[in-house]
A.B. asks: 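Just dropping this structure here.
Not measured: the values here are computed from a predicted model. One-based numbering, in listed order, for ligands and for the atoms of each.
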Amino acid sequence: MIAKVVVDVPSQQTDRLFDYRVPTDWEDVVKPGMRVVVPFGPRTIQGFVIELTETSTHQKLKKVIDILDVIPVLTPELLNLGDWLTDETLSFKVSAYHVMLPAALRAKVKKEVVISGDRGKLGMALQALFGKSDRISWDVLTKEHPSLVRSVQKLIQHEELDLHYIVKDKGNKKTERVLSLVPTDQTLDEILAHVSPRAKKQQDVLRSLFDQSEPVKTMELLSKLNTTRATLTPLFKSGLVIEGEQEVYRDPTGGKDFKQTKPLPLTDKQAMVIAPILQTLEDNKHEAFLVHGVTGSGKTEIYLQSIAKTLDNGGEAIVLVPEIALTPQMVDRFKGRFGSKVAVLHSGLSMGEKYDEWRKIHRGEVKVVVGARSAIFAPFTNLGLIIIDEEHEASYKQEENPRYHARDVAMYRGRYHKCPVILGSATPALESFARAKKGVYTLLPLSERVNNRPMPSVNVIDMREELRLGNRSMFSTVLLEGMQERLERGEQTVLFLNRRGYSTFVMCRDCGYVATCEHCDISLTYHRSHNQLKCHYCGHEEAMPQTCESCGSEHIRFFGTGTQKVEEELARVLPEARVIRMDVDTTRKKGAHEKLLTSFGNGQADILLGTQMIAKGLDFPKITLVGVLAADSMLHIPDFRSSERTFQLMEQVSGRAGRHELLGEVIIQTYSPEHYSIELVKSHDYEAYFEMEMRQRKQGGYPPYYYLTLLNVSHPEITKVIGVTEKITQFLKRELAEDTVILGPVASPIARIKDRYRYQCMIKYKNEPKLVSTLREIQQHYLKEMNQGQLQISIDLQPYLFM
Ligand SMILES: Nc1ncnc2c1ncn2[C@@H]1O[C@H](COP(=O)(O)OP(=O)(O)OP(=O)(O)O)[C@@H](O)[C@H]1O
Ligand SMILES: [Zn+2]
Ligand SMILES: [Zn+2]
């Protein structure tokens, strides 16, 4: 038997299948989707078995050296998906498979086969191999007793044996020690007779264990009986008690209890929206829905009840939430409804915790996954529903290879499993809403808040006018009065500072010199806590200069507004207000995010001040005022989506106000009050915004009217970068269709990062059948230079970042 293997070397030359002979003993063991170890040149490396065949066109095949899994880590569906992903994103096959798996599986792992059931079921040969021990090394098994692997695999499937991973790094599974009596048919009195009647504690241990059918945690028993390990030693010696290890799942929610919630009776509007979704679940068919529901319209309850129906049908569900919105409050809503059937995957988990969550999915122990982007690859085999909340979020696009969008993967899996995909948002991506209008997605509008609670009123303040009236503070008069009022009434304020593209840079007031990073063409950010300047691209740090580097003036100051500065200003103008600040600096510690939010929810603060991370998911009844400082800071980023992002963010932030009984008010401070992306937030009119923005996109030739591809070239030498980009542009112009637009070569908006110059070229097209093959040709042409030299060419077929 021949295994066709993708080896773990992400490069162009190795991006194909290699044939290896499967040792006869393992012909029944090896399955597609398993990881194996194979010889490759002088080394041995990991690989994925993709296919098994009987024949090979090659003579003299090398053999598979080791197998790393007993149950394939990639299902047949995921193997196909990997193929598709490779084509869609022009990435290497092995990168596509790796993105679907937890990082812990990449680490070098020692494994042990451990007896978890009845020793008697093992058969003679295995019993002999285990001897008195309850475990054997996987290496010893596969290297010295390859013929026993098949029976071990079967026994693992029947849960008589278990495979334990001993990872040296953090991906380790946690185990705890457990005690049990050595099986015997003696009565309790007979067992007790083995120890001295004066050894009370030993007797207590035996008595406690006698009543138990399951092993008991050592630590718990010792503390319950108020004794120490010394008590156990004679019991081990006399062979009455044995100690083993049992896997404990690390609990990413910290062992917190969840209040069980019941489905709410749906409002009429919610009922209308959920009906067609339930129907497709009933019919087992694929359909894509776009739930366009204003903030606070009860989208989450619709998700919850759709999931409940899916589980009733025996299916599984994936819920994607943007990383930033994967707040404890959000997770609680799913755990509260579905309890231990829910696994949670997000970047805050350690490698080991992620691995544990993934294993629960792989073993079918959970039915629902709530997670960020990569949770879309959850290895469910009976997927019944996929939900993407806040579907407009840019974080659903991965910005490294494979550069996939989770929405596309969701549609692929939805078609494969014949199940519905729900996209939900108050402010859908322009592309999605356009598709819904064309009927590609079924549009389900929810235009009112639950129980007809009004949308918050929005007041746009022109900060230029404030300045003219002599107000130099960062708070407009209206906002300051608004916050004062909330303080008096015991209500809460959320202050949002839009930091994207607007950092605290250092500038000389005399000559206008701006401190920039010496490796990157980007201004340095001032960090007050260490009085330091930091580059957010390469991490370079330097001390805050005393004098201007360019003219020597001492009038060098930092500009712009950071959360710390706002906090200081608040302390000055509203000294009695209790403020919680949430930004990268205050939430770095694990659990800090949750702590801050909980104390705000408990009313321990009057003002919550923060960046993007407070824009979503907050649902607190006492928030009646939302203030936005510098709404337009993002508008000037050179990106055709900057206006769309501004509108989406303003709507999201506004949505935090007045979600319950109390009325909400929003105050937006801006220097561009007339811009439609800010103006239209006043009326919360998404459709009007959509029409305006679509006109702009049509004019500029941007999505959804055109498709885009972005090619980025970088190298330490500028002449090299320009030369290569120029050649590529010429080639593209020759090869691609007449009406395809090719822009470039131009310097990237950030023209240098980490001492590498960056140039780009953009392709705009409507229909370009030759695109992928042409791009592959370019990759092939520069193959050697990219592998051996300093040249990098990255290709993004669906760019979201233009820096
Ligand atoms: N049928 C219902 N009956 C009573 N209350 C409901 C119902 N559905 C939802 N709610 C409540 O209304 C509030 C808003 O609902 P939810 O958070 O689901 O809205 P959403 O559309 O997801 O909002 P956002 O997009 O702003 O996050 C919540 O407090 C929720 O508990
Ligand atoms: Zn830098
Ligand atoms: Zn100067």
A.B. asks: Holding to salt bridge (Lys or Arg N to Asp or Glu O under 4.0 Å), I want the full list of residues that pass it with Arg373, two or more places apart in sequence or in another chain.
C.D. replies: none
A.B. asks: One thing to verify: whether Glu691 and Lys437 come together as a salt bridge, which I'm taking to mean a side-chain N less than 4.0 angstrom from a carboxylate O.
C.D. replies: yes
A.B. asks: For atom CG of Asp312, decide whether the heavy atoms of other residues, nucleotides or ligands shown that lie under 6.0 angstrom number more than 12.
C.D. replies: yes
A.B. asks: Of the side chain and backbone of Thr300, name the one, both, or neither that has a heavy atom under 4.0 Å from an atom of ligand 1.
C.D. replies: both
A.B. asks: Under 4.0 Å, heavy atoms only, figure out whether ligand 1 is touched by the backbone of Thr295, its side chain, both or neither.
C.D. replies: both
A.B. asks: Compute the minimum heavy-atom distance from Pro265 to ligand 1 and say whether it is under 4.0 Å.
C.D. replies: yes
A.B. asks: Would you please determine whether Gly296 falls within less than 4.0 Å of ligand 1 on a heavy-atom basis?
C.D. replies: yes
A.B. asks: Out of Leu304, Asp619, Val450, who gets a non-hydrogen atom closest to atom 12 (O) of ligand 1?
C.D. replies: Val450
A.B. asks: Show me which atoms of ligand 1 lie under 4.0 Å from any heavy atom of Leu266.
C.D. replies: 1 (N)
A.B. asks: For ligand 1, which part of Met330 has a heavy atom less than 4.0 Å away: the side chain, the backbone, both, or neither?
C.D. replies: neither
A.B. asks: Parallel, tilted or perpendicular: which fits the ring planes of Tyr689 and Tyr686, with parallel below 30° and perpendicular above 60°?
C.D. replies: tilted
A.B. asks: Please name all residues satisfying salt bridge (Lys or Arg N to Asp or Glu O under 4.0 Å) with Lys397, sequence neighbours left out, ordered by chain then number.
C.D. replies: Glu399, Asp796
A.B. asks: Heavy atom to atom 27 (O) of ligand 1, shortest distance: which of Lys299, Glu301, Arg659 holds it?
C.D. replies: Arg659
A.B. asks: Check whether any heavy atom of Ala426 sits under 4.0 Å from an atom of ligand 1.
C.D. replies: no
A.B. asks: Using a strict cut-off of less than 4.0 Å between a Lys/Arg side-chain nitrogen and an Asp/Glu carboxylate oxygen, indicate whether Arg337 and Glu301 qualify as a salt bridge.
C.D. replies: yes
A.B. asks: Which ligand 1 atoms does Thr267 reach within 4.0 Å, using its non-hydrogen atoms?
C.D. replies: 1 (N)
A.B. asks: Out of curiosity, is Gln652 lining ligand 1, as in a heavy atom under 4.0 Å away?
C.D. replies: no
A.B. asks: Indicate, as side chain, backbone, both or neither, the part of Asp389 found under 4.0 angstrom from ligand 1 when only non-hydrogen atoms are considered.
C.D. replies: neither
A.B. asks: Give the C-alpha distance, both sets of side-chain angles, the deciding distance and a yes or no for side chain to side chain contact (heavy atoms under 4.5 Å, CB included) between Val344 and Lys335.
C.D. replies: CA-CA 9 Å; Val344 180; Lys335 287 245 178 184; 3.8 Å; yes
A.B. asks: Angle between ring planes, Phe600 versus Phe620, binned at 30° and 60°: parallel, tilted or perpendicular?
C.D. replies: perpendicular
A.B. asks: Does the N or O separation between Gly655 and ligand 1 drop below 3.5 Å for any pair?
C.D. replies: no
A.B. asks: Got an N/O contact under 3.5 Å between Asn451 and ligand 1?
C.D. replies: no
A.B. asks: Has Arg449 got any heavy atom lying under 4.0 angstrom from an atom of ligand 1?
C.D. replies: no
A.B. asks: Residue-level breakdown please: for Arg656 versus ligand 1, do any non-hydrogen atoms fall below 4.0 Å on the side chain, on the backbone, on both, or on neither?
C.D. replies: side chain
A.B. asks: Less than 6.0 angstrom separating the ring centers of Tyr404 and Phe377, yes or no?
C.D. replies: yes
A.B. asks: With a distance cut-off below 6.0 Å to the six-membered ring centre and an angular limit of 45° from the axis, does Arg641 pair with Tyr800 as a cation-pi contact?
C.D. replies: yes
